[in-house]
Number of protein chains: 2
Amino acid sequence: MQNPRRESRRDSMDQERPLPSVVERMWGREPVTRRGPRPRLDLATITAAAIEIADAEGLSGVSMASVASRVGVAATALYRYIGSKEDLLTAMADGAAPPPPEPAGMSWRDYLTLWTRAHRDIVLEHAWLLSVDRLAPPLGPRRLLWLDRALAALDGTGLDHGEKIKVASTLTGYALTDAALIHSIGGGDPTMENAAITGAADYGEVLAGLLDPVAYPALSAAMRSGVMHGAEGWVDDEDFVFGLNLLLDGVEALIGQRASEKQRASEKS
Amino acid sequence: MQNPRRESRRDSMDQERPLPSVVERMWGREPVTRRGPRPRLDLATITAAAIEIADAEGLSGVSMASVASRVGVAATALYRYIGSKEDLLTAMADGAAPPPPEPAGMSWRDYLTLWTRAHRDIVLEHAWLLSVDRLAPPLGPRRLLWLDRALAALDGTGLDHGEKIKVASTLTGYALTDAALIHSIGGGDPTMENAAITGAADYGEVLAGLLDPVAYPALSAAMRSGVMHGAEGWVDDEDFVFGLNLLLDGVEALIGQRASEKQRASEKS
DNA sequence: ACCTGAACACCGTTCAAGT
DNA sequence: ACCTGAACACCGTTCAAGT
């Protein structure tokens, strides 16, 4: 049912580890061109064009044809630079990330709060990331720089490397979750493409009409209480901080635990 | 650039609140048919067929044609039951969820642990949910039943309705994040469709080769320490519990806070 | 070596025509 | 009223041909 097109990776590049060639190109390792006309494009140009289209029209506006025409080339010429549309989406997901915020001597907690919020804001600015982002671990230079800065913020807390990575990836997930929530409620979507609901109040009312209070007792009670009609809208920065602090409180507890373990160990010797 | 097809909702149904008609159908409110031949299908049948295809071949195997042929009908007949493919995906996302686990007298913490793990496992069994799930708040009967049970588990903790909902949605996000992590690392994907990386060890090695230790100091240090080569694989249940406990510790702290507030208030009066 | 244009095998969706 | 079949306007990707 449709011929599988997998395995468009591992072309070119003499190197022991096979690596998707898009990833190579994301790191600036364009193949060394010798003979023939100079290439008119590069991956960064193509990616930037695709991102502009996605920002303006949503992901559905991004086709090989539309990207190609934006950079002034036939659709088929893109395949000189990219193995497939999948590859393009991968490159877009990395390319949409600006440099991470600088630590500037903050506490780990302050920095990670800033970091997570900034991450969330990026996703809101490029809402199409929500449809692209989830499936692969980051391999591009921009995303990995974000990861690096989160790990760096946790230096000196006594957490080991594995714990730091897990904290960072949990925070990444939180940023995505919060962005998805805001987006779906109708927060910051210029094209309104996927907002099934136009406002929080609507959501509550729709639910209230749908629910059988016997089958859905707790949810019905919540809806009847009017949670969805908060003074300044349902999803706001306060909500973001609320959930984030649940997480950071947990991290703080862990750090405290590690610190007291260390102290006990040093007292023993 | 492609004619916009929005606003295929709000057809039929005499009701004050306009509601996507798929949502109506998900709740069993099929339009009352009087004249003409009886319909051969219903939304549940179509949705189940689509889910089976997605489970077997991934989301890319799901086309109007493939779904229609599985239920023995021409592709165009599906439009009697569904407004668009988007609608089908919405119905699939709800239909893939089995009934939530029963509380059975557990503590809120035990139940939410079970709940979140079960949620995560569902996403792993239907990995295509990761590409479908994120954008709209749940409106289907199955998903809302999950939400109801999470809220119910938090009854008696002193949290208000808004707080309970935020806790539940944070846990949902965590389940998705964890599933995405496991999936991308190559965990449980029969079709291996989106696994850019075939194993955790590979990921670490690939990264190690890519990274400039000056530009990515903390991440390089983590990779050099060999975090990615844990004894029983990188992502396991222990990791799931680790991150989840960060969250639940935060929730527990909040519950404690609410409880002491209440006590202080009652002492005053 | 890069880029084009034609071609292929698909898509989702519409609409008039049959029952 | 349901379902079909033809048709439309797209897709992503290939490949031979031009430079």
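As a basis for the values below, the full set of heavy atoms in this structure was taken, side chains included, without hydrogen atoms, waters or symmetry mates. Every chain is numbered from 1 and lettered A, B, ... according to where its sequence line falls, protein lines coming before strand lines.
- Across the protein-nucleic acid pair, A:Met64 atom CE and C:dC3 atom C1' stand 16 Å apart, rounded to whole Å.
- B:Asp178 has a carboxylate O that lies under 4.0 Å from a charged side-chain N of B:Arg120, or vice versa, which qualifies the two as a salt bridge.
- Counting non-hydrogen atoms under 4.0 angstrom, A:Ala77 reaches a base of the nucleic acid.
- In this structure a side-chain-to-backbone donor-acceptor pair under 3.5 Å is present from A:Trp27 to A:Leu139.
- In this structure, the NZ atom of B:Lys85 is 8 Å from the P atom of C:dT13, given to the nearest Å.
- Protein atom CZ of B:Arg80 is 13 Å distant from nucleotide atom C1' of C:dG18, rounded to whole Å.
- Comparing B:Ala75 and B:Pro37 along DNA chain D, the residue whose closest nucleotide (by nearest heavy atom) sits nearer the 5' end is B:Pro37.
- In this structure, the OH atom of B:Tyr81 is 10 Å from the P atom of D:dT4, given to the nearest Å.
- A:Tyr174 places no side-chain N or O within 3.5 Å of a backbone atom of A:Ser169 that could act as its donor or acceptor partner.
- When both distances must be under 3.5 Å, the Watson-Crick or G-U wobble mate of D:dT19 is C:dA1.
- Here D:dA1 presents its P atom at 19 Å from CG of B:Asp42, a figure rounded to the nearest Å.
- A distance-only check finds no donor-acceptor pair linking the side chain of B:Asp148 to the backbone of B:Leu144 [under 3.5 Å].
- The partner of C:dC11 cannot be assigned: no Watson-Crick or G-U wobble pair with both contacts below 3.5 Å exists in any strand.
- Atom-to-atom, CD of A:Glu86 to C1' of D:dT13 comes out at 14 Å; the value is rounded to the nearest Å.
- Among the atoms of the strands shown, only primed sugar atoms or phosphate atoms (P, OP1, OP2) are found under 4.0 Å from some heavy atom of A:Ser63.
- Below the 3.5 angstrom threshold, one finds a donor paired with an acceptor across the side chain of B:Thr76 and the base of D:dG5.
- For the pair A:Leu78 CG and C:dC3 P, the computed distance is 10 Å after rounding to whole Å.
- A donor-acceptor pair is defined here as one N or O able to donate and one able to accept, closer than 3.5 Å; no such pair exists between the side chain of A:Ser21 and the backbone of A:Glu24.
- Whole-Å rounding puts the A:Tyr79 OH to C:dC2 C1' distance at 16 Å.
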